[in-house]
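All values below come from the heavy atoms of this structure, side chains included, with hydrogens, waters and symmetry mates left out. Just so we're clear, the structure is a prediction, and the values are computed from it rather than from any experiment. Numbered from 1 within each chain, the chains take letters A, B, ... in sequence-line order.
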Amino acid sequence: MQELPKAYDHSQVEDKIYKMWLESGYFNPDKLPDSEKREPFTIIMPPPNVTGTLHIGHALFATIQDILTRYQRMQGKRALWLPGTDHAAIATQSKVEADLYKKERKTRFDFPREEFLKLVEAFAQSSHDTIVGQLKRLGASADWSREAYTLDAPRTLAVRTAFKRMYEDGIIYRGSRIVNWDPKLKTTVSDDEIQYVEQKDPFFTFKYGPFEIGTVRPETKFGDKYVVMHPNDQRYASYKHGQKIELEWINGPLTATVIKDEAADMEFGSGVMTITPAHSAIDFEIAQRHGLDIEQIIDDRGVLLPIAGEFAGQHIKKARAAIVEKLKNKGLLVKTDEHYVHNVATNSRGGGIIEPQIKEQWFIDVNREFTMRHSEIAGIQTGQRVTLKQLMRHVVSEGLVKIIPGHFEKIYFHWIDNLRDWCISRQIWYGHRIPVYYCKQGISNEGQQPDSSSSCSQQIVSTQDITQCPNCNGPVEQDSDTLDTWFSSGLWTFSTLGWPDENAKDLKMYHPTNVLETGYDILFFWVARMILMTTYHTGQIPFKTVYLHGLVRDKDRQKMSKSKGNVIDPLGVIDTYGTDALRFALIFSTAAGNDIPLAEDKIKGMKHFGNKLWNIARFIMTNVPASDYKFEAKTEADKAILEALAKTTDTVTKHLDNFMLHEAAQEIYQFVWHELADIYLEKSKEQFKDEALKINTEKILLHQLIWSLKLLHPFMPFVTEHIWQLLKANGLASTDLLMVAQWPTSTRR
RNA sequence: GGACAAUUAGCUCAGUUGGUUAGAGCGCGCCGUUCACAUCGGCGAGGUCACUGGUUCGAGUCCAGUAUUGUCCACCA
C-alpha cells in the first residue's frame, strides 16, 4: 500500500474524478450497464438563466438534484438528469441593455434589431459557458449529451407548434386589454412579474363638483368624467346612477356622470372616486361593467397626450407638480397629506414603475373549454371538454402531482382560483418571436387593419418561417412581439425529450418525469405553467413529485444580495473547502421548503467530516490485506456495529425515498463519525491484538467502509469515489466506479 | 384585507403515522498529541419544546385560542 497523505486535499482530487466520470459515459443513462433492463428515472434540470454566473442558490438545486440522481442510479435505475439553460428573455435583454447604457450611453433603439440580438446572444453564450463549468465543478452527474437551451432550434419548433395548437383551439387569442406596461423597458409584463414596493407620496384631495376625490396621481385625471360611489352609500343617496353633473375641472368645465358601483369603498376617503379606465386595472373593469368611454391619457413613454391640454407633451413625473399648482390656483385643492404610504407596482425584472395601458396583446385563455385530444391523466378522458384551469387543479387535487412540502398545495389552489388570462406577448426583442404572420396583400398604409375584401386572410400561424402568404402569395409581416419566457419554460419537460415528435424515443422512455426540484419562489411562474402546458399538449402529467427547496440565506437569515455584501460565492467556497463540504453543508439540517441559513462555519465543519472519512479509510486500508467478505459477529462490539450499520442503511434509504435528504445526511454523519470511528475503530485496535479475532475484525472494518462510502456517495461524491478508486487499486473493491455501484440493502428488512 | 408557515440549547436548525432519559453543527468549560485523524480524542455545562386551554393511559408532535416573527396573494382611488 502506498503512503497516503494525512489530510484529504480536495484540490488534488475533484477535477480528476469528474473527468473519470465523464469518460465513463455513465451520465448518459442509455450507456449504463444493462441499461435496457433498468427502469427509467428522470429529472429535468430547471434551466438557469444565462444572465451571468451561478450563485449559492444554484449550488443548492444542483446538489439536491445530483443527490437524487446518484441515489437512483445506484438503485439500478436508468437515471437521467437532463441539463439546460434558459434565455430568460427580459432578464437577459435588460442586463445587456444596462451594460450598454453604462459603457456607451446607448439603448437598443440605437441598433438594428438583428445587430442588437447578436450582442445579447454573445452575452448569453459566455454566461452559458460559465454556468456549465460551474455545474461541473459542483459534481453534477447530468447528461451533457442531451443539453438543451430554451431558444435553440428544437425548442423553437416546440414553441411554435405549441402556439399553433393552442391558437387553433382558441385558447390563444389576441385582444385589447389593460396590461401592465413598463415605460422604462417599453414592454408588458405579466401579473406575476409585478412586485409591489411601498412608497410615500403626497395624497391630494380635490374638489370635484359637489364631491371630494382623493388621488396620488393627479396627472391621470384629465379625462375623468365619471364619478363613482357605492350604491349603498347613504351620504350620496340623492345622486342617481347616470345623473349628469356640470363641474369645473383642470382644463375648464366638464360634464360628469354619476356611476354607482360596489367597487367604491365607503370607508376610504370621502367614499367617492373618479376613474381612469385606460390606466388602472380596477377602473378598466368598472368601465367595462357600465360600458363607459375609455380614453388614453399617457403614452408608452409616460408622456401626456393632447387631452392634457397645456400639459400635453410633458412627462408625467414633471407635470404632476404643475397640475397640482393649477388646481390649487383654481381653488380646487382641498388638502394634501404628505405622509400617505401606498404600494407602487414595479417590474420585478429590473424595470421601472408599471403604468397600466390598454394594448393589443396575446393571451392564453385559462377558462375556455376545449376537447382533450389525448389523455393519459387519471380522471380525464380523451375527448372530454375541459379548461386549462380545471386541468391544473385536477392533477394536484387528485394527487397525480404531489408537492413537497404539502402545504404549498393550498397556496397553489389559491393561485389557480384567482388566475386570470395569461398575457404572453412581450414588446422586447430577445426571445421566441410570436409565430404569427399578417398578410399585407392589398394594404396600402402600414399599420392599418387589413381590409378583408382586398386581403386573403388576416393572420397565419406557422411553425416555420414564411415570407409569402400561403393563400395568395402576397407579402407577409411577422408579429414584432416576442413570447413571455415562461411560455417556452412551460414546455421544458417534454420539449427537451423530442416533442413535438410524439414518437420520439426519449419522450416515450423518460416522460412523465419523476421529480421536479426547484425553489418555492417560482411555483406559480414555472411549476404551474409546466402543469398547464404539459397536460394540454401531451395529455400526461409533467412530473410525479415537485420538491420545493427554500432560499439560501446568510447566518442572520438575511437574503443574500450584492448590495449587502453577504453573498457567498460557490466557487470561492469550493476552492477553500471543496465541493463535498459545500454540498453536505447545504443539505445538512435543511428541510424541504424552509429557507436555509448558511454560515461559513458550517461548511468548514463538513470539510472536517470529509477529512474524518478520509482518515477512517486510511486506517482501514493500511490494516486490511484481504478482500473476501466472509465475516461473522464474534464479539459484542462486532454485533453492535453490524446492527448499527444495518439500521443506518435502512434509515438512510427510507429518508432518501421520502425526499428527507437532511435526515439521511444526519443519519450517515452520525453513524460514520460517532459509531464507526469513535467506537468500533477504537475497539478494533484491541481486537487486532487477539489473533483469533484479527482477520475477522479487518473484514468487518472493510465491510463498514464500503457500505459507508456507498451511503455517502450521493452526498459527497468526490471523496467517496476517490477512496473507492484507492480500494480498487488494492483489489478491495469490485465495481469500476462507485458512481454505478449497487446501493446496499440490509438483511433486516 | 385574505392566506400559509414558524416559535425547541448561547447561535443556526433537525425531530414524517403521539410512546423510555428531546438531538445535531457551531460556540462554551476542563483534560489529553508516540499508537488513522489536532481538520483530533475524552469528559462536561446548557432546554418548564412561545403562551393558555382541550383530546389521550401518555403531547415538542393532534385540536382550539392568544402573542410574536416571516412569507405569499390582493390592493384603496
Side-chain angles (χ1 to χ4, degrees), chain A residues 4-9 191-192 194 196 203-206 213-218 220-221 224 227-229 263-276 280-283 286 340 342-345 404-415 417-419 520-521 523-524 550-551 553-557 559 577-578 581 584-585 588-623 654-655 658-660 662-663 665-667 669-670 673-674 677-678 681-682 684-685 688 701:
Chain A
L4 298 170
K6 278 190 165 188
Y8 171 68
D9 182 0
D191 292 343
D192 295 297
I194 290 195
Y196 288 91
F203 184 81
F204 308 101
T205 303
F206 298 114
I213 59 154
T215 186
V216 277
R217 308 203 49 199
T220 64
K221 296 283 162 197
D224 288 10
V227 57
V228 183
M229 59 207 69
D265 181 355
M266 289 189 272
E267 308 292 318
F268 190 87
S270 63
V272 176
M273 64 178 176
T274 60
I275 56 168
T276 314
S280 155
I282 296 280
D283 294 2
I286 296 172
Y340 181 68
H342 64 138
N343 289 323
V344 177
I404 299 174
H407 71 259
F408 278 101
E409 291 185 0
K410 286 182 197 166
I411 300 175
Y412 174 84
F413 291 135
H414 186 255
W415 179 81
D417 293 342
N418 291 299
L419 185 62
Y520 65 73
D521 51 329
L523 178 63
F524 307 138
L551 269 42
R553 296 170 181 270
D554 74 3
K555 61 178 178 359
D556 301 318
R557 293 197 129 265
K559 218 169 176 170
Y577 302 107
F584 217 64
F588 200 83
S589 81
T590 51
N594 285 4
D595 287 352
I596 300 155
L598 184 70
E600 200 166 323
D601 275 349
K602 197 164 166 186
I603 305 169
K604 195 173 160 190
M606 295 309 162
K607 180 187 159 79
H608 295 175
F609 177 62
N611 192 60
K612 186 76 185 178
L613 180 73
W614 171 251
N615 278 294
I616 291 166
R618 212 157 63 92
F619 173 80
I620 293 175
M621 282 191 276
T622 50
N623 281 295
K654 186 185 83 188
H655 285 322
N658 293 328
F659 300 95
M660 309 272 287
H662 58 293
E663 285 293 304
Q666 290 189 28
E667 187 75 22
Y669 179 101
Q670 195 61 24
W673 200 315
H674 299 300
D678 287 352
L681 223 81
E682 293 307 321
S684 74
K685 291 173 189 170
F688 282 163
L701 279 173

Provide the distance between the two [atom1] atoms, one in [N] and one in [M], to the nearest whole Å.
| N | M | atom1 | answer |
| --- | --- | --- | --- |
| B:A22 | B:U61 | C1' | 11 Å |
| B:G47 | B:U8 | C1' | 7 Å |
| B:U20 | B:U52 | C1' | 28 Å |
| B:G29 | B:A36 | C1' | 28 Å |
| B:G60 | B:G18 | C1' | 10 Å |
| B:G10 | B:U71 | C1' | 27 Å |
| B:C73 | B:C57 | C1' | 45 Å |
| B:A24 | B:G46 | C1' | 15 Å |

How many angstroms lie between [atom1] in [X] and [atom2] in [Y], if you round to the nearest 0.5 Å?
| X | Y | atom1 | atom2 | result |
| --- | --- | --- | --- | --- |
| A:L701 | A:L681 | CG | CG | 6.0 Å |
| A:K602 | A:I596 | NZ | CD1 | 7.5 Å |
| A:M273 | A:D265 | CE | CG | 9.0 Å |
| A:F584 | A:Q666 | CZ | CD | 8.5 Å |

Could you write nucleotides 71-77 of chain B as a row of B, S and -, 5' to 3', where a protein heavy atom under 4.0 Å of any base atom gives B, of only sugar-phosphate atoms gives S, and otherwise -? -SS-BBB
Measure the shortest side-chain to side-chain distance between [X] and [Y] over non-hydrogen atoms and say whether it is less than 4.5 angstrom.
| X | Y | result |
| --- | --- | --- |
| A:L613 | A:Y8 | no |
| A:I275 | A:I282 | no |
| A:L523 | A:W415 | no |

Restricting both atoms to N or O, compile the protein contacts to nucleotides 59-67 of chain B shorter than 3.5 Å, with distance only.
none

Among all residues two or more places apart in sequence or in another chain, which pass the salt bridge (charged side-chain N to carboxylate O under 4.0 Å, His left out) test with [X]?
| X | result |
| --- | --- |
| A:K221 | A:D224 |
| A:E682 | A:K685 |
| A:D191 | A:R420 |
| A:E667 | A:K647 |

Listed by chain and number, what are the ring pair (Phe, Tyr, Trp, His ring centres under 6.0 Å) partners of A:Y669, not counting sequence neighbours?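 A:Y669 satisfies ring pair (Phe, Tyr, Trp, His ring centres under 6.0 Å) with A:F588, A:F609, A:W673 once adjacent residues are dropped.
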What's the closest nucleotide to the A:Q666 side chain, out of B:A36, B:G25, B:A14?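 So the nucleotide nearest the side chain must be B:A14.
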Closest approach to the side chain of A:H407, judged atom by atom: which nucleotide of B:A36, B:A5, B:G15 is it?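 My answer, after comparing the listed nucleotides, is B:A5.
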Quick one: [X] [atom1] to [N] [atom2], roughly how many Å, whole number?
| X | N | atom1 | atom2 | answer |
| --- | --- | --- | --- | --- |
| A:Q670 | B:A24 | CD | P | 6 Å |
| A:R618 | B:A36 | CZ | P | 9 Å |
| A:F408 | B:A6 | CZ | C1' | 12 Å |
| A:L523 | B:A3 | CG | C1' | 14 Å |
| A:N658 | B:U17 | CG | P | 11 Å |
| A:I596 | B:A6 | CD1 | P | 16 Å |
| A:L681 | B:C40 | CG | C1' | 13 Å |
| A:F619 | B:A36 | CZ | P | 6 Å |

Result block: side-chain N/O donor-acceptor pairs under 3.5 angstrom for residues 404-413 of chain A, not counting sequence neighbours:
from: A:E409; atom 1: OE2; to: A:I403; atom 2: N; distance (Å): 3.1
from: A:Y412; atom 1: OH; to: A:M392; atom 2: O; distance (Å): 2.8

Which ranges of RNA chain B pair up as stems, where a stem means three or more consecutive Watson-Crick or G-U pairs with both distances under 3.5 Å?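 Listed by first number, the stems are B:1-7 with B:67-73, B:10-13 with B:23-26, B:28-32 with B:40-44, B:50-54 with B:62-66.
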With a non-hydrogen cut-off below 4.0 angstrom, is [X] in contact with a base, only sugar-phosphate, or nothing?
| X | value |
| --- | --- |
| A:M606 | nothing |
| A:K604 | nothing |
| A:N594 | sugar-phosphate |
| A:A617 | nothing |

Looking only at heavy atoms, which two atoms of A:F619 and A:N623 are closest? And how far apart?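 Reported closest heavy-atom pair: O-ND2, 2.8 Å.
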Minimal non-hydrogen separation, A:G271 against A:A264, with atom names: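 Residues A:G271 and A:A264, closest heavy atoms: O-CB, 4.2 Å.
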A:G550 backbone acceptor or donor facing A:D595 side chain under 3.5 Å: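 Pair absent, no side-chain N/O of A:D595 close to backbone of A:G550.
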Hey, which sits more toward the 5' end of RNA chain B by its nearest nucleotide, A:A677 or A:G605?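 Closest to the 5' end, via its nearest nucleotide, is A:G605.
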Polar pairs (N or O, both sides) under 3.5 Å between protein and nucleotides 41-44 of chain B?
from: B:G41; atom 1: OP1; to: A:K612; atom 2: NZ; distance (Å): 3.1
from: B:G41; atom 1: OP1; to: A:W673; atom 2: NE1; distance (Å): 2.3

Return the polar atom pairs (N/O with N/O) between nucleotides 19-21 of chain B and the protein under 3.5 Å, or none.
none

OP1 or OP2 of [N] sitting under 4.0 Å from any side-chain N/O of [X]?
| X | N | answer |
| --- | --- | --- |
| A:K6 | B:C40 | no |
| A:K685 | B:A36 | yes |
| A:H608 | B:C37 | no |

I need the full list of side chain to side chain donor-acceptor pair (under 3.5 Å) pairs touching residues 604-615 of chain A, with sequence neighbours left out, sorted by first then second residue.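 Non-adjacent pairs meeting side chain to side chain donor-acceptor pair (under 3.5 Å): A:N615-A:R618.
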